[in-house]
Amino acid sequence: MKEISKHYDPSETEPKWLKFWEKNNVYKFNPKKDGEIFSIDTPPPTVSGKMHIGHAYSYTHEDFIARYQKMRGKNVLFPFGTDDNGLPTERLVEKLKKVRASRMKRQDFIDLCNITLKEITPDFIEDWKKIGMSCDFSKIYSTIDDNCRRISQKFFIDLYRKQKVYRQEAPVVWCPHCQTAIAQAELEDKEAETFFNDIVFKLPNKKNLTISTTRPELLSSCVAVFVHPDDKRYKNIVGKKAQVPIFGNRVEIMADKKVDMKKGSGAVMCCTFGDKTDVEWFKEYKLPLAVSLDKAGMMTEKAKKFAGLLAKDARTRIIEDLKRKKLLLEQKKITHSLNIHERCKTEVEILNSEQWYVKILDQKKKIIELGEEIKWHPEFMRTRFENWIRGLNWDWCISRQRFFGIPFPVWYCAKCGAVLLADEKDLPIDPLSAKPKEECKKCGGSKFIPERDVMDTWATSSISPELALQLFYKDSEVKKMIPMNLRPQAHDIISTWLFYTVVRSQYHFENIPWSEVMISGHVLDSQGRKMSKSLGNTIAPQSIFEKFGADALRFWAAGRTLGQNINFSEEEIQAGKKFLTKLWNATRFVMMNLPKSYDYRKLDTKKIYPTDKWILAELQALIETATKSFEKYDYSSAKMAIEKFFWLKLTDNYIEIVKNRLYEEIPKNKKGRESAQFTLYSVLFALLRLLAPFVPFATEEIYQTFFKSAKDAKSIHLCGWPEVDERLFDKEKIKNGKILIEIVAAMRKHKAERGLSMKTELEKVEISCDNATKKIIKEMESDLKAVGNIKILKFANSKKFSVKIA
RNA sequence: GGGCGCGUAGCUCAGUUGGUUAGAGCAUCUGUCUUACAAACAGAGGGUCAGAGGUUCGAGUCCUCUCGCGCCCACCA
């Protein structure tokens with residue numbers, strides 16, 4: 001055999017096998033191929049420049065499963081796509097190109113987005129290949145491409161026809177920075193310091209009514225004052241009017257149980273809109289609308305002399321004004337939490353505006369039930385899903401007053417306002433450039449106003465099963481592929497992507513979108529903190545590929561139970577690399593001791609030595625454990641079992657024990673050598689296949705270098721999952737191996753304690769044991785004597801097992 | 001305030017339905033050039049399983065409470 005390096009070098013092998021897999025279509029999906037289909041609704045990553053370590057962590061998890069299923073003989077549909085429309089993409093382009101969408105012509109900005117995506121997407125996807133994803137990369141969808149626009153619009157029309165989507169003017173969560181409506185799921189909390197201001201409202205009897213507020217700038221929006229119905233202090237003023245300071249208008253004092261008597265003065269102003277309670281009161285008591293903030297977060301004419309100011313500045317000016325007029329009694333510094341927009345961290349407002357909504361509030365119970373039909377891994381993630389649904393307060397607002405997104409295929413009749421939908425045959429369309437082909441069905445009008453809004457990015461990604469399936473199936477074939485087998489994703493988007501997909505699937509197909517979901521955790525830094533750019537504790541996966549290789553990274557990612565967060569640790573990744581070196585060297589050893597073009601299938605299995613039967617039994621147990629674990633999506637248990645077998649059983653013990661049989665040149669023990677050769681070869685080959693889902697590059701390199709002969713599968717990943725050989729099935733032998741290892745350990749300890757070399761000859765070893773144990777040891781006597789270099793092996797009859805060494 | 005997860009060796013984590021003396025890797029210490037691997041190998045030390053109570057012949061594991069950490073949600077006047 002030619003000289004082969006003692007070290008395994010991922011930087012050399014990984015790019016080589018990437019090319020090989022692509023060239024040989026190893027992961028290409030053929031819908032017509034035989035075998036049960038296993039379909040995966042791969043998360044389309046949001047195009048963001050570079051893959052981050054969290055991606056690397058959760059995408060490898062799903063790849064473990066995809067590769068396992070493939071080796072089990074399933075026809076695995078593992079598609080790939082990118083999510084690249086909506087606000088996230090707009091923000092990325094604004095950052096990369098240093099532009100502001102709001103200051104550009106609409107079409108220019110859209111063009112720039114498309115150009116930018118073309119520039120950055122290929123590099124972005126490259127990292128997903130580098131990490132060893134076994135997706136079919138030959139067909140990729142992008143959520144902004146023509147086909148996705150078509151499907152997204154088609155499904156919108158479906159929602160409209162099924163009356164699951166409606167347009168309404170109502171208070172909605174609004175981001176003044178992005179100048180668009182957003183959904184509840186896009187909110188984050190932020191702790192902030194502010195002042196709780198005690199402000200004087202005048203009562204008709206000239207007495208003062210103190211109102212506490214953090215938002216004095218909304219005074220001009222005040223439409224009522226509320227007190228608690230049981231509050232004795234205010235009993236006789238309910239129904240009377242209070243005068244709003246500075247602005248002078250009078251508003252009714254009303255009683256409602258939502259008021260907290262203990263908070264502030266126990267009297268609260270209701271503005272349209274300061275918070276969610278204001279919205280509830282507005283609706284319940286049919287209060288008038290008083291808008292003092294515009295879509296950009298600036299004061300309106302309603303705020304009179306404060307008009308045109310930013311809310312923040314208006315607050316300062318109003319406070320000054322109140323102070324001068326002696327209408328500000330006290331300012332208390334408090335910390336409260338407020339809602340910010342997750343994309344830009346701006347404090348959100350509630351604004352009245354016309355938006356498209358998908359009905360979800362009337363479906364809460366149904367969606368929770370659907371969640372129960374899906375199998376969750378881990379199970380507790382379902383609770384998060386249910387909690388989120390129970391807490392929902394708004395229907396899902398899907399319209400965005402933005403630019404780079406999928407347009408609504410809708411016009412409005414200029415005369416009567418009726419909605420006119422585009423014809424499905426014409427999709428995808430942009431209502432801004434296309435014109436309807438018919439007249440208004442309601443009034444016969446022929447003038448139309450196009451919808452300028454675009455859809456929220458989740459409105460498209462929530463039909464990802466269909467986007468993925470359409471890469472390989474016709475429109476008419478999609479329905480029969482639902483539910484798909486698996487949705488893999490991380491836990492942070494249970495309330496968005498996962499939830500919305502269940503909703504959409506129910507509306508379009510009256511079915512769950514997938515039968516199982518697997519939810520990954522996050523990567524934290526070595527101290528368990530969230531990784532963030534501001535903390536400077538992020539790790540680029542690209543630097544890990546370079547330093548340790550993708551396999552080492554994958555090995556690390558397999559080390560934590562599914563659903564749990566993991567602390568980043570370079571030492572752990574180092575350990576993965578060490579494992580590969582060991583695997584490489586163990587293989588080298590085996591191959592050095594095999595004849596050329598060895599065919600393990602030829603050996604008569606009746607001639608297997610007892611010691612060899614032990615390791616084969618261990619292998620059988622391992623295959624069973626690994627299979628069971630993978631079926632439960634518990635890849636970390638599988639990995640751990642494989643690792644322990646390899647290191648503790650195979651290399652530390654079995655190989656050491658049979659070495660001498662292999663070294664023997666004289667054919668007096670030809671059978672012993674052949675049995676060891678057969679065992680080593682078949683154990684290692686099985687082990688390699690068990691490891692292939694975790695470390696696809698290294699196992700491919702080893703397979704191609706040492707195992708593959710002309711008639712074998714062209715890749716380890718096409719070799720199939722190892723199976724237990726019925727002829728060798730004997731689990732009882734595991735117990736025999738335990739006895740053997742115990743004796744070996746005793747001899748090693750004896751030598752180590754005396755500082756002796758492991759080669760040192762032992763004059764006499766005496767084993768005390770019962771007759772049954774003696775029989776077992778006797779069977780393996782020659783191996784035992786050889787590994788310990790024992791001159792005389794003696795037995796003593798005793799119920800208690802012990803080893804005496806002289 | 002509610003929900004979920006976590007708390008096991010110095011560190012990172014396993015520990016299946018309760019069942020001998022609680023495991024692994026990293027780190028530490030001692031030794032070994034041993035014809036796969038010295039980035040290796042052999043051995044050793046190291047734990048009141050967060051705390052308290054309970055169920056049980058038996059609890060890291062089941063129940064109750066308390067404490068600590070993390071995440072999600074609510075509160076936002």
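Keep in mind the model is a prediction, meaning the values are calculated, not measured. Letters A, B, ... mirror the listed sequences (proteins, then strands); counts begin at 1.
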S.K.: With rounding to the closest Å, how many angstrom separate the C1' atoms on rG15(B) and rG47(B)?
M.R.: 14 Å
S.K.: Without decimals, in angstroms, what is the distance between Phe579(A) CZ and rC37(B) P?
M.R.: 18 Å
S.K.: Counting the atoms with a prime plus P, OP1 and OP2 as sugar-phosphate, which does Gly755(A) contact under 4.0 Å by heavy atoms, base, sugar-phosphate, or nothing?
M.R.: sugar-phosphate
S.K.: NA contact type, Trp584(A), heavy-atom cut-off 4.0 Å: base, sugar-phosphate, or nothing?
M.R.: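 The answer is nothing, as Trp584(A) stays clear of every strand by at least 4.0 Å.
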S.K.: Pick the nucleotide of RNA chain B nearest each of Asn567(A) and Ser637(A); which residue has the one closer to the 5' end?
M.R.: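 This one resolves to Asn567(A).
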S.K.: Crowded around Glu12(A) CD? As in, over 12 foreign heavy atoms under 6.0 Å?
M.R.: no
S.K.: Please measure how far the P atom in rA74(B) lies from the corresponding atom in rC62(B), and state the result in whole Å.
M.R.: 31 Å
S.K.: Check the orientation of His61(A) and Phe64(A). Use parallel for under 30°, tilted for 30 to 60°, and perpendicular for over 60°.
M.R.: tilted
S.K.: rC13(B) phosphate, OP1 or OP2: any side-chain N/O from Arg560(A) under 4.0 angstrom?
M.R.: yes
S.K.: What interatomic distance, in whole Å, is found between P of rA39(B) and the corresponding atom of rG46(B)?
M.R.: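 That atom pair is separated by 29 Å.
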S.K.: For Met591(A) and rC37(B), give me the distance from atom CE to atom P, rounded to whole Å.
M.R.: 16 Å
S.K.: In whole Å, what is the span from the CD1 atom of Ile655(A) to the C1' atom of rA42(B)?
M.R.: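 Checked: the CD1 to C1' distance equals 16 Å.
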S.K.: On the nucleotide rC26(B), are OP1 or OP2 found under 4.0 Å from the side-chain N or O atoms that Lys578(A) carries?
M.R.: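 So the side chain of Lys578(A) is within the cut-off, an N or O lying under 4.0 Å from OP1 or OP2 of rC26(B).
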S.K.: Expressed in whole Å, how much space separates the P atoms belonging to rG5(B) and rU20(B)?
M.R.: 27 Å
S.K.: Give a yes or no on whether the ring-centroid distance for Trp556(A) and Tyr57(A) is below 6.0 angstrom.
M.R.: yes
S.K.: Check this for me: Lys345(A), atom NZ, are more than 12 non-hydrogen atoms of other residues, nucleotides or ligands nearer than 6.0 Å?
M.R.: yes
S.K.: For the residue pair Lys659(A) and Tyr654(A), would you count it as a cation-pi contact if the rule is NZ or CZ under 6.0 angstrom from the ring centre and within 45 degrees of the ring axis?
M.R.: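 Geometry flag: not set, cation outside 6.0 Å or 45°.
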S.K.: Touch check for Thr561(A), heavy atoms < 4.0 angstrom, all strands: base, sugar-phosphate only, or nothing?
M.R.: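 Sugar-phosphate contact only.
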S.K.: Sort out the partner of rC6(B) for me: Watson-Crick or G-U wobble, both distances under 3.5 Å, none otherwise.
M.R.: rG68(B)
S.K.: Remember a base hit wins even if backbone is also touched, and classify Lys582(A) as base, sugar-phosphate or nothing at under 4.0 Å, heavy atoms.
M.R.: base
S.K.: Measure from CH2 on Trp394(A) to P on rC73(B) and round the result to the nearest Å.
M.R.: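 Result: 16 Å.
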S.K.: With a 4.0 Å cutoff (strictly under), does any side-chain N or O of Trp388(A) reach OP1 or OP2 of rC71(B)?
M.R.: no
S.K.: Measure from NZ or CZ of Lys582(A) to the centre of the six-membered ring of Phe646(A), then state whether that distance is under 6.0 Å and the direction lies within 45° of the axis.
M.R.: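 Verdict for Phe646(A): no cation-pi partner in Lys582(A).
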S.K.: Verify the contact: side-chain N or O of Tyr663(A) to OP1 or OP2 of rA36(B), cut-off strictly under 4.0 Å; return yes or no.
M.R.: yes
S.K.: When you compare rU66(B) with rG58(B), how far apart are their C1' atoms, in angstrom units rounded to a whole number?
M.R.: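 Nearest-Å result for rU66(B) against rG58(B) at atom C1': 26 Å.
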S.K.: So what's rC37(B) paired with, Watson-Crick or G-U wobble, going by both distances under 3.5 Å?
M.R.: none
S.K.: For rC29(B), which nucleotide is its Watson-Crick or G-U wobble mate, given both distances must be under 3.5 Å?
M.R.: rG43(B)
S.K.: For Asn339(A), answer base if it contacts any base atom (sugar-phosphate contacts may also be present), sugar-phosphate if it contacts only those atoms, and nothing otherwise; contact means non-hydrogen atoms under 4.0 Å.
M.R.: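 Counting heavy atoms under 4.0 Å across all strands, the contact made by Asn339(A) includes a base.
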S.K.: For Asp652(A), report the nucleic acid contact type (base, sugar-phosphate, nothing); a contact means any heavy atom under 4.0 Å.
M.R.: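 Touches sugar-phosphate only.
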S.K.: Taking the six-membered ring for Trp and the full ring for Phe, Tyr or His, determine whether the centres of Tyr285(A) and Phe226(A) are under 6.0 Å apart.
M.R.: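 Distance test on ring centres: under 6.0 Å, yes.
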S.K.: Under 4.0 angstrom, heavy atoms only, what part of the nucleic acid is Lys263(A) near: base, sugar-phosphate, or nothing?
M.R.: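 Counting heavy atoms under 4.0 Å across all strands, the contact made by Lys263(A) includes a base.
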S.K.: How do Met381(A) and Asn593(A) order along RNA chain B: which one's closest nucleotide is nearer the 5' end?
M.R.: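 It is Met381(A) whose nearest nucleotide is closer to the 5' end.
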S.K.: For the pair made of CZ in Arg748(A) and P in rU32(B), what is the distance, rounded to whole Å?
M.R.: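 Distance, rounded to whole Å: 17 Å.
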S.K.: If you count heavy atoms of other groups shown closer than 6.0 angstrom to NZ of Lys364(A), is the number above 12?
M.R.: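 It does: Lys364(A) NZ has more than 12 such atoms within range.
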S.K.: At under 4.0 Å between heavy atoms, what does Thr213(A) touch on the DNA or RNA strands: base, sugar-phosphate, or nothing?
M.R.: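 Touches sugar-phosphate only.
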S.K.: For the C1' atoms, the ones on rC11(B) and on rU17(B), what distance do you get once it is rounded to whole angstrom?
M.R.: 32 Å
S.K.: What's the CE-P distance between Met747(A) and rG43(B), to the nearest Å?
M.R.: 11 Å
S.K.: OP1 or OP2 of rC4(B) less than 4.0 angstrom from a side-chain nitrogen or oxygen of Gln564(A), does that happen here?
M.R.: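 Negative; the distance criterion is not met.
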S.K.: May I ask you to verify if any side-chain N or O of Thr214(A) is less than 4.0 angstrom from the OP1 or OP2 atom of rA77(B)?
M.R.: yes
S.K.: Nearest to the side chain of Ala752(A), heavy atoms from C-beta on, is which of rG43(B), rA77(B), rC4(B)?
M.R.: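 Shortest atom-to-atom distance from the side chain points to rG43(B).
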S.K.: Just checking, any donor-acceptor pair under 3.5 angstrom between side chains of Ser636(A) and Asp634(A)?
M.R.: yes
S.K.: Base, sugar-phosphate or nothing for Phe226(A)? Non-hydrogen atoms, less than 4.0 Å.
M.R.: nothing
S.K.: Could you tell me whether Glu656(A) contacts a base, only the sugar-phosphate backbone, or nothing, with contacts defined as non-hydrogen atoms closer than 4.0 Å?
M.R.: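 The answer is base, as Glu656(A) lies within the cut-off (heavy atoms under 4.0 Å) of a base atom.
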S.K.: Both distances below 3.5 Å, Watson-Crick or wobble geometry, any strand: find the nucleotide opposite rC57(B).
M.R.: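 Result: rG19(B).
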S.K.: Using a cut-off of less than 4.0 Å, is there contact between a side-chain N or O of Lys751(A) and OP1 or OP2 of rA42(B)?
M.R.: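 No, Lys751(A) has no side-chain N/O under 4.0 Å of OP1/OP2 on rA42(B).
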S.K.: In whole Å, I'd like the distance from the CZ atom of Phe568(A) to the P atom of rC26(B).
M.R.: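 One finds 17 Å between P of rC26(B) and CZ of Phe568(A), rounded.
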S.K.: Just to confirm, is there a sub-4.0 Å distance from OP1 or OP2 of rC37(B) to any side-chain nitrogen or oxygen of Lys6(A)?
M.R.: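 Yes.
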S.K.: Categorize Gln184(A) for me: base, sugar-phosphate, or nothing, with a 4.0 angstrom heavy-atom threshold over every strand shown.
M.R.: sugar-phosphate
S.K.: Counting any heavy atom closer than 4.0 Å, what does Lys659(A) reach on the DNA or RNA strands: base, sugar-phosphate only, or nothing?
M.R.: base
S.K.: When you compare rC29(B) with rU35(B), how far apart are their C1' atoms, in angstrom units rounded to a whole number?
M.R.: 30 Å
S.K.: Considering every strand and a 4.0 Å limit on heavy-atom distances, what is the contact class for Met758(A): base, sugar-phosphate, or nothing?
M.R.: base
S.K.: Establish, with yes or no, whether the OP1 or OP2 oxygen of rA77(B) is under 4.0 angstrom from a side-chain nitrogen or oxygen of His336(A).
M.R.: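 His336(A) to rA77(B) OP1/OP2: side-chain N or O found under 4.0 Å.
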S.K.: Rounded to whole Å, how long is the line connecting atom CG of Asp189(A) with atom C1' of rG2(B)?
M.R.: 14 Å
S.K.: Taking any heavy-atom pair under 4.0 Å as a contact, classify Val590(A): base, sugar-phosphate, or nothing.
M.R.: nothing
